[in-house]
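Remarks on the structure that follows.
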Number of protein chains: 2
Amino acid sequence: MARIKDVALLAGVNRSTVSRIINGEGKFRADTKRKVEQAMAELNYRPSAIARSLATASSNMVGLLVTYYTGGFFGEMMDQVQSELDCHNKFLITAQGHHNAEGEREAIQRFHDLRCDGYILHSRYLSDDELRELAKLPTPFVLLDRFVEGLEDRCITFDHTLAAQLAVGHLIEQGHRKIACISGDLNRETSKQRFQGYKNALQAAGIPFESSLTSEGNYGRESGYQAALNLYQQHDDMDALFSCSEEMMSGALQFFHQHKIAVPEQLSVTSFDSVYLCASFYPTVTAVHFPISDMARTAVAVLNHQLKKTETDIDRHFLPKLISRCSVLPR
Amino acid sequence: MARIKDVALLAGVNRSTVSRIINGEGKFRADTKRKVEQAMAELNYRPSAIARSLATASSNMVGLLVTYYTGGFFGEMMDQVQSELDCHNKFLITAQGHHNAEGEREAIQRFHDLRCDGYILHSRYLSDDELRELAKLPTPFVLLDRFVEGLEDRCITFDHTLAAQLAVGHLIEQGHRKIACISGDLNRETSKQRFQGYKNALQAAGIPFESSLTSEGNYGRESGYQAALNLYQQHDDMDALFSCSEEMMSGALQFFHQHKIAVPEQLSVTSFDSVYLCASFYPTVTAVHFPISDMARTAVAVLNHQLKKTETDIDRHFLPKLISRCSVLPR
DNA sequence: CTGAAAGCGCTAACAT
DNA sequence: ATGTTAGCGCTTTCAG
């Protein structure tokens, strides 16, 4: 593998001249430049990003922490982050948190070992305190879909409560009263918020909250199926259902199909939706969209400002939008 | 950020001693080891993977090229590759090929710039010749789901033709004759193979091939919907359908639901399935499973042998299995 | 068992 | 406009 000194030798110049030409710093005589470029081409030379990192104390790498790779949600994030990063010629390093704090810590450790210039963390299990501690270290990072007091500048947030409220509110507007809810794992902050949004919507309409109309899932399809089953056994007269995730909605729909419960004729449904799965169901499901792509893009933008230490007024807070599809009928 | 020399200073030993202790090379007096470990802890020292790479001429990074991040298929691959790599303390670098040769070239370029020790390539657009050229360079790589003559040792393959044959054969066994097919983009090698499998199955059963019973999609859901529409308009009496991808099956199912065509009572269907989407449909769809996870794991294993220059008899060829679900009824 | 010194491939003052 | 030189943080001979 050719090194910079081979290029310099072949071109008959000094290594630093080559370096400068590569990095476009300063001016050079046209023919030096030509000679160098020719030598690089001839030797098929590519500078070593590693050696560069060491010399410049900047790796050009950005670490992205996600909870899991599978399921499509992550792919969406990754796609956005990568394409933003590509524009700036930075490298993307990813790691999974594996659904626990220790996993997230290890992931960040890896980023640190690689001396990533910055991180984008979709952290679910690290405590606010731990994150604030991390913020004291020199490496900048932004938090994706998380709010931590004291770290406001680094937080890309989404209003989960309002989103759920919107989805349930739509059901109410269409005249539904007996509305069931499949929540996510209620240990998770955002799940709680979504659940709260469900309650808020009911309250705003003066509908009493009834806990037997709610069932906790784990965001997976099977849990959605199971929850639908539970709910239906207790309330075969419910007139609507709200699911806190698209995957769980997928399972619920399976249950309804199987039991010949017509959606939306007999039962209206709405859902949370991240990767437009709700558009692929039958019927297509009216849902609040969780704009993870836009948020991921924003995360990179904000991180870039932190890296350059420039101020920014990029809007870091996202509001939900309801996407009307075919799963709701007025009562 | 503490460096090795800070640790050495604090522990009162030489840098090389620290280095040796970190890497567990040789023997040391118990108390030197203790002192050093204490110093490392105190300084919160973590060796720089970058400096290490430069010194050892080995980056401990592995590059994974995929065509796209979105859709879940990639996540599955990535998950497997990462967890295998984790065991060996290696770093995963990913890049997208962006559905064209130039994109794949750039991705590999990135891997090279980072001096990855090896690559796992899910390459769709680079020619066999180009891949053979690449094989002449010193960096080892493995090809995922691709067969290139001369590179047999590096190819992890799957029998797409047989898989399709199995899925269509099952339909035939159940007494179906008028079987439609939604194929993938026929410019792609594996799509051609799947399509060929469809034809093979028909031929084996003595059923004449009828091109109006086939429709080409692009692996996306919408194209599946469209294809189902096309096919049904021409042959509303078809008795079965085979889809070359789960996504397209999703779209087809939407069409059938919408038009009250009962699956499987009125129409039996089978599909290709990568990430078990077919289990989430209603009805659940009988499908041949494309074992991308196992293949990805194997890819890492094979690459590891290449990196260590050891021989291996790992089985690199995968055979399809049919997973029976609820979308097929005998005629 | 440990230390001294050179070097990995590059960049960045500092000269000229 | 280009060359000289000294690192970046680590590993790895070679000594002892």
Side-chain angles (χ1 to χ4, degrees), chain A residues 1-40 43-61 89 91 111-117 138-139, chain B residues 1-40 43-61 89 91 111-117 138-139:
Chain A
M1 214 163 301
R3 294 139 307 165
I4 199 170
K5 83 168 154 196
D6 302 319
V7 176
L9 209 67
L10 184 60
V13 299
N14 188 275
R15 282 150 49 187
S16 26
T17 304
V18 178
S19 174
R20 286 187 196 103
I21 288 180
I22 291 172
N23 298 297
E25 287 169 1
K27 319 224 156 187
F28 343 84
R29 276 176 27 212
D31 75 314
T32 356
K33 185 164 176 186
R34 199 183 32 68
K35 275 189 311 190
V36 168
E37 279 168 349
Q38 203 171 310
M40 293 203 295
L43 295 172
N44 225 295
Y45 172 75
R46 289 247 100 201
S48 155
I50 289 192
R52 237 172 189 173
S53 301
L54 196 56
T56 57
S58 143
S59 65
N60 262 309
M61 298 183 197
N89 263 298
F91 299 101
F111 297 157
H112 173 67
D113 288 353
L114 280 171
R115 299 299 185 267
C116 287
D117 295 335
T139 311
Chain B
M1 215 162 303
R3 294 140 305 166
I4 198 168
K5 82 168 156 195
D6 302 317
V7 176
L9 209 65
L10 185 59
V13 298
N14 189 276
R15 282 149 52 186
S16 25
T17 303
V18 178
S19 174
R20 286 188 194 104
I21 289 181
I22 291 172
N23 297 297
E25 286 169 1
K27 318 227 155 188
F28 342 85
R29 279 181 18 216
D31 76 313
T32 356
K33 186 166 177 186
R34 200 183 33 68
K35 276 190 312 191
V36 168
E37 280 168 350
Q38 203 171 312
M40 293 203 295
L43 294 172
N44 226 297
Y45 172 74
R46 289 246 100 203
S48 155
I50 288 192
R52 238 172 188 172
S53 301
L54 195 57
T56 57
S58 143
S59 64
N60 263 309
M61 298 183 197
N89 264 297
F91 299 100
F111 297 156
H112 172 69
D113 287 353
L114 280 171
R115 298 300 185 265
C116 287
D117 296 334
T139 311

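First the proteins, then the strands, lettered A, B, ... as listed; each starts at 1.
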Do any pairs count as a salt bridge (Lys or Arg N to Asp or Glu O under 4.0 Å) and have a residue in residues 6-18 of chain B, sequence neighbours left out, and if so which ones?
->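 Checked against salt bridge (Lys or Arg N to Asp or Glu O under 4.0 Å) - neighbours excluded - the pairs reaching residues 6-18 of chain B are B:Arg3-B:Asp6.
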
Report the residues that fulfil ring pair (Phe, Tyr, Trp, His ring centres under 6.0 Å) with A:Phe91, sequence neighbours left out, ordered by chain and then residue number.
->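 Per chain and number, A:Phe91 pairs via ring pair (Phe, Tyr, Trp, His ring centres under 6.0 Å) with no residue.
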
What pairs with B:Ser48 under side-chain hydrogen bond (donor to acceptor under 3.5 Å, both in side chains), at least two apart in sequence or on another chain?
->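 In terms of side-chain hydrogen bond (donor to acceptor under 3.5 Å, both in side chains), with neighbours along the sequence ignored, B:Ser48 is linked to no residue.
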
For the helix from C:dC1-D:dG16 to C:dT16-D:dA1, what is the angle between the axes at its two ends, each from 5 pairs, rounded to 10°?
->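 Helix axis angle between the two ends: 30°.
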
Taking all atoms of both residues into account, what is the closest heavy-atom pair of B:Asn89 and B:Asn60, and its distance?
-> O-OD1, 4.1 Å

Contact summary for A:Asn14 and A:Ala8, nearest pair of heavy atoms =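 Smallest heavy-atom distance, with atoms named: C-CB, 3.8 Å.
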
When we call it a touch if two heavy atoms are under 4.0 Å apart, what does A:Ser53 touch: a base, just sugar-phosphate, or nothing?
-> nothing

Are any non-hydrogen side-chain atoms of A:Thr32 and A:Arg20 less than 4.5 angstrom apart?
->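 They are not in side-chain contact.
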
Working for side chain to side chain contact (heavy atoms under 4.5 Å, CB included), residues A:Thr17 and A:Lys35 = CA-CA 11 Å; A:Thr17 304; A:Lys35 275 189 311 190; over 6 Å; no

Atom pair [atom1]/[atom2] of [X] and [Y] - distance to nearest 0.5 Å:
X: A:Ile50; Y: B:Met61; atom1: CD1; atom2: CE; answer: 4.5 Å
X: B:Tyr45; Y: B:Leu10; atom1: OH; atom2: CG; answer: 13.0 Å
X: B:Glu37; Y: B:Arg34; atom1: CD; atom2: CZ; answer: 9.5 Å

Anything under 4.0 Å to a heavy atom of chain B counts; send over the first and last such nucleotide of DNA chain D, read 5' to 3'.
-> D:dG9 to D:dC14

Footprint string (nucleotides 8-14 of chain C, 5' to 3'): B base within contact, S backbone only, - free, heavy atoms under 4.0 Å | BBBBBBB

